[in-house]
J.: 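Shown below is the structure under consideration.
Given the structure is predicted, the values throughout are model-derived calculations rather than measurements. By convention in this document, chain letters (A, B, ...) are assigned in the order of the sequence lines, proteins followed by strands, and residues within each chain are numbered from 1.
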Protein chains: 2
Amino acid sequence: MAMKIQTRKEEIIAVASQLFKEKGYSAVSMRDIAQAMGIKAASLYNHITGKQEILSTLILEVAHEFTNGMREVLERQNSPLQKIQEIIELHIDITVNASEGLAALNNDWMHMEVSQVEAFVQMREDYEENFRKIIKEGIEVGEIQPRHPEVILFSILSTLRTLYLWYQKRGKLDVNVLKKDLVSVFLDGIVIKN
Amino acid sequence: MAMKIQTRKEEIIAVASQLFKEKGYSAVSMRDIAQAMGIKAASLYNHITGKQEILSTLILEVAHEFTNGMREVLERQNSPLQKIQEIIELHIDITVNASEGLAALNNDWMHMEVSQVEAFVQMREDYEENFRKIIKEGIEVGEIQPRHPEVILFSILSTLRTLYLWYQKRGKLDVNVLKKDLVSVFLDGIVIKN
DNA sequence: ACACAAAACTAACGTTTGTTAGTAAGGTTT
DNA sequence: AAACCTTACTAACAAACGTTAGTTTTGTGT
């Protein structure tokens, strides 16, 4: 369930995120956003300072959800395998609830202001480093197969990051089924052993 | 090893694909491309008919590599599991050899002409449908775990499609190690069974 | 009914966009 | 040396861009 829209600014960001998802940030004009809201472009500036603010608000909002989610996973101090399962579920939950911002986060982060790009890249690297440590720990304690950690990290993260492209297109796959199957694919693989 | 550049048109497309990868098609101007080549924007039009032609040439080139690769996989008539392994290797090979066009193919296909978008989407759907059939067949003959085929399809394909973002950033992972580990992650999973 | 703030409007600005026209420089063929 | 491509150039175009200024409409509280 999406959060109820309260302010006009949030409404603009919601409409814009939809358009960004379809065509990308650079291909969406302020006039496009305004038209989608039934107003004129100049009117947008009563609520926001500029186009870049729409983008960065949108991206940093979702980025913080990931950062907070990761912090909670680490705080619970479960086993590496359980942590990985929780991260998979975290991504699925965010995708289901905030899927609009994910396209911008994945594809348009480089169009924010320079200082914000730097902060974003740092956040993303920290996130990946946390994930990498969990995988390495799992290998060390013998829970995870001794594959190149980078390959495992990238396989899981790629899938989770592009989930938004896929969810809702394939008519309403149940969230819990998705969680179960996705965890199963990554943890157990797809092969049936004899 | 990238193919040696022969015509001036190919050179333009090579330079443009690099820029598209960094900022996206819409954020790259003809003047940007020209400057990267050390000439003026108007000079580009001696070799190409317009900006969209650069994009569609680039995208359709790579798309055909995938289509041809899939056809060869199907022709060899191996077992479903072997076919999946070959598809994974196909993507890795294309990523290593033609990584520049993959960003445009993934993110900017909607900026082609309408008729080309339609052709592209059809090609992509056919490709996915072929892959889906392989997975379903694998489940039927008992080679693959009875998970939702869509989840398996999407997991593998998401990873393969965004491989270009990772490869070469993570300093020169050996191609054969990558193939082996990636196949292993998807087929066998990451868990060590007792 | 009046005042005030929120949010819309029109009009315009300076840039940047993709692209075209016309032309000059260089190399190769005749 | 003349003719001819190829490929670059300058100059300019109309359209679209993000954004600002100033003004009018709309809704709410007094």
Side-chain angles (χ1 to χ4, degrees), chain A residues 4-60 103-104 107-117, chain B residues 4-60 103-104 107-117:
Chain A
K4 204 170 218 168
I5 279 119
Q6 291 166 345
T7 72
R8 199 79 170 124
K9 177 173 174 177
E10 285 170 31
E11 199 176 340
I12 291 172
I13 291 170
V15 167
S17 69
Q18 197 70 44
L19 295 173
F20 293 166
K21 184 173 158 185
E22 288 165 20
K23 310 200 294 173
Y25 173 77
S26 302
V28 175
S29 71
M30 294 299 275
R31 286 167 179 83
D32 289 336
I33 298 170
Q35 193 176 38
M37 297 193 65
I39 61 176
K40 300 290 174 182
S43 308
L44 294 170
Y45 290 82
N46 286 316
H47 309 95
I48 48 144
T49 72
K51 194 187 177 191
Q52 273 194 331
E53 193 202 348
I54 300 177
L55 181 67
S56 59
T57 304
L58 182 59
I59 289 179
L60 295 178
N107 305 319
D108 291 317
W109 52 268
M110 71 287 280
H111 299 117
M112 294 190 292
E113 294 173 28
V114 187
S115 69
Q116 288 175 314
V117 168
Chain B
K4 204 171 219 168
I5 278 117
Q6 290 166 347
T7 73
R8 198 83 170 120
K9 177 172 174 178
E10 285 170 30
E11 197 176 342
I12 291 172
I13 291 169
V15 167
S17 69
Q18 197 69 44
L19 294 174
F20 293 167
K21 184 172 157 186
E22 288 165 20
K23 309 200 294 173
Y25 174 76
S26 303
V28 175
S29 72
M30 294 298 276
R31 286 166 179 85
D32 290 335
I33 298 169
Q35 193 176 38
M37 297 193 63
I39 61 176
K40 299 290 173 182
S43 307
L44 295 170
Y45 289 82
N46 286 317
H47 310 96
I48 48 145
T49 74
K51 194 187 176 189
Q52 273 194 331
E53 194 202 347
I54 301 178
L55 181 68
S56 59
T57 303
L58 182 61
I59 289 179
L60 295 178
N107 305 319
D108 291 318
W109 53 268
M110 71 288 279
H111 300 118
M112 293 190 293
E113 293 174 28
V114 187
S115 69
Q116 289 175 313
V117 168

J.: Between C1' on C:dT17 and CG on B:L44, what's the gap in Å once rounded to a whole number?
T.: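 For the pair B:L44 CG and C:dT17 C1', the rounded distance is 14 Å.
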J.: Using a 6.0 Å distance limit plus a 45 degree cone around the ring axis, check whether B:K51 lies over the aromatic ring of B:Y45.
T.: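 So B:K51 doesn't make the cation-pi contact.
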J.: For a 4.5 angstrom cut-off between non-hydrogen side-chain atoms, does A:Q116 reach A:W109?
T.: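 They are not in contact (no side-chain heavy atoms under 4.5 Å apart), so the answer is no.
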J.: Can you confirm whether A:K21 sits close enough to A:D108 that some side-chain heavy atom of one is under 4.5 Å from a side-chain heavy atom of the other?
T.: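 The answer is no; the side chains never approach within 4.5 Å.
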J.: Give me the first and last nucleotide of DNA chain D, going 5' to 3', that has any atom under 4.0 Å from a heavy atom of chain A.
T.: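 The contact span of chain A on DNA chain D goes from D:dC17 to D:dA21.
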J.: Side-chain contact test, heavy atoms from C-beta onward, threshold under 4.5 Å: evaluate it for B:I48 versus B:M30 and give yes or no.
T.: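 Heavy-atom side-chain distance check passes, below 4.5 Å.
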J.: Rounded off to whole Å, could you give me the CZ-to-C1' distance for the A:R8 and C:dA8 pair?
T.: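 Those two atoms, CZ and C1', are 9 Å apart.
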J.: Indicate the ring-plane relationship of A:Y25 and A:F20, choosing parallel, tilted or perpendicular according to the 30° and 60° boundaries.
T.: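 Plane angle over 60°, so perpendicular.
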J.: Would you sketch DNA chain C in dot-bracket for me? Only Watson-Crick or G-U wobble pairs with both distances under 3.5 Å count, crossing pairs as [ ], other-strand pairs as |, the rest as dots.
T.: |.||||||||||||||||||||||||||||
J.: Could you tell me whether the side chain of B:M110 reaches within less than 4.5 Å of the side chain of A:E22, counting heavy atoms only?
T.: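 Of all side-chain heavy-atom pairs linking B:M110 with A:E22, none is under 4.5 Å.
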J.: Using a cut-off of strictly less than 4.0 Å between a heavy atom of the residue and any atom of DNA chain D, enumerate the qualifying residues of residues 46-57 of chain A by number.
T.: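 Contacting residues: A:G50, A:K51.
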J.: Can a donor-acceptor pair be found between the side chains of B:S29 and B:D32 at a distance below 3.5 Å?
T.: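 Distance-only check passes for B:S29 and B:D32.
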J.: Please examine the side chains of B:I33 and B:I54, heavy atoms only from C-beta on, and report whether any two atoms are closer than 4.5 Å.
T.: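 Of all side-chain heavy-atom pairs linking B:I33 with B:I54, at least one is under 4.5 Å.
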J.: How would you list, by chain and number, every residue that makes a salt bridge (charged side-chain N to carboxylate O under 4.0 Å, His left out) with B:E53, sequence neighbours excluded?
T.: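 Salt bridge (charged side-chain N to carboxylate O under 4.0 Å, His left out) check on B:E53 returns B:K9.
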J.: Decide yes or no for A:H111 and A:Q52: does some side-chain heavy atom of the first lie under 4.5 Å from some side-chain heavy atom of the second?
T.: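 They are not in side-chain contact.
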J.: Counting only pairs under 3.5 Å, give me each side-chain donor-acceptor contact of residues 12-19 of chain B, with atom names and distances, residues two or more places apart or in other chains.
T.:
from	atom 1	to	atom 2	distance (Å)
B:S17	OG	B:I13	O	3.4
B:S17	OG	B:A14	O	2.8

J.: Where along residues 15-36 of chain B does a heavy atom come under 4.0 Å from DNA chain C, residue by residue in number order?
T.: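 The answer is B:V28, B:S29, B:M30, B:R31.
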